[in-house]
Amino acid sequence: MDLLIVENLCKTYGTGETKVDALKNVSFSVSKGEFIVIVGPSGSGKSTLLNLIGALDVPTSGKVFLDGKDIFAMKEEELSVFRRRNIGFIFQAYNLVPELNVEENIILPLLLDYRKPDKKYIDELLGILGLTERKYHLPHQLSGGQQQRVAIGRALATKPAIILADEPTGNLDTKNSRDVINLMKMSVERYNQTLIMITHNQSFASFADRVLNVVDGVVTELGGGQR
Ligand code: ADP
Ligand code: ADP
């Protein structure tokens, strides 16, 4: 079954002089377990598309179905529970809670959902992310790259069905980027997750099952790499 169906999605920002057609009738679907990479020039609509798939914004027209659910038909409370249970967000704004330490930030989405953290898995994540020695640190005591890795840990800790990542390695050096990509591959393979990732890093496209190219609000398929 298709985990994600994007149907005739359009997004227009502004009116008159400031009107921008950021997405123009975009349709595609993604199966469970697929790794999709989204590429395209700056300002072409990539972030807009990812925001809509995660229902962080509403489209001008069109629909998104996630796991069979019409996400824009859901009420806000239902949607926030759905997001927390099913979607792992790795966005450029890390949105870490400043008063909580690294480990607490990572397990927070589980606690909010009254789910018991898988302690072994959390420790494994901390280890792979190189954060074991930082688990009691607060976000302001970390570098930008470490904060980014905490955000990645938080997105994976819930074992979500779908992971939406916007330049997840943007703030990381080559070694950390490679570790993070390997971690994401491990996660998607182990838990049969769907990963949709915006990246400017050409070498990540070769890990993907399919590459979507966004140019001026239009999405075309570039044909797959191989995992
Ligand atoms: P990048 O181009 O590196 O992917 P962004 O996705 O943040 O960066 O932004 C792309 C473009 O969208 C930029 O030209 C930016 O000015 C514009 N943009 C992003 N968010 C907003 C906003 N909230 N209001 C107006 N313009 C925005
Ligand atoms: P990308 O992620 O590919 O860089 P975006 O999706 O951020 O592109 O932006 C696509 C277009 O929509 C750009 O022309 C940008 O200026 C515009 N845009 C993005 N977000 C907003 C916003 N919140 N308000 C107005 N225009 C926006």
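Read the numbers this way: they start at 1 and go in the same order the structure lists the ligands and their atoms. The model shown is predicted, which means the values in this text are computed figures rather than measured ones. Both backbone and side-chain heavy atoms feed into the values below; hydrogens, waters and symmetry mates do not.
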Please identify which atoms of ligand 2 are closer than 4.0 Å to at least one heavy atom of S44. 1 (P), 3 (O), 8 (O)

Heavy-atom gap P41 to ligand 2 smaller than 4.0 Å: yes

State which residue, out of L66, I162, D2, fulfils the side chain to side chain contact (heavy atoms under 4.5 Å, CB included) condition with T194. I162

Roughly how far, to the nearest 0.5 Å, is CD1 of I71 from NZ of K63? 12.0 Å

Out of all atoms in ligand 2, which are within 4.0 Å of some heavy atom of K46? Include the element for each. 1 (P), 2 (O), 3 (O), 4 (O), 6 (O), 8 (O)

With heavy atoms and a 4.0 Å threshold, my read on which part of V20 contacts ligand 2 is side chain

On a heavy-atom basis, the closest approach of P160 and N86 is CB-O, 3.5 Å

Nearest non-hydrogen atom to atom 4 (O) of ligand 2 belongs to which of S47, G43, G45? G43

By number and element, which atoms of ligand 2 are closer than 4.0 Å to a non-hydrogen atom of S42? 4 (O)

Establish, yes or no, whether a centroid distance under 6.0 Å links the rings of F65 and F72. no

Correct closest heavy-atom pair for K11 and L52 would be CB-CD1, 4.1 Å

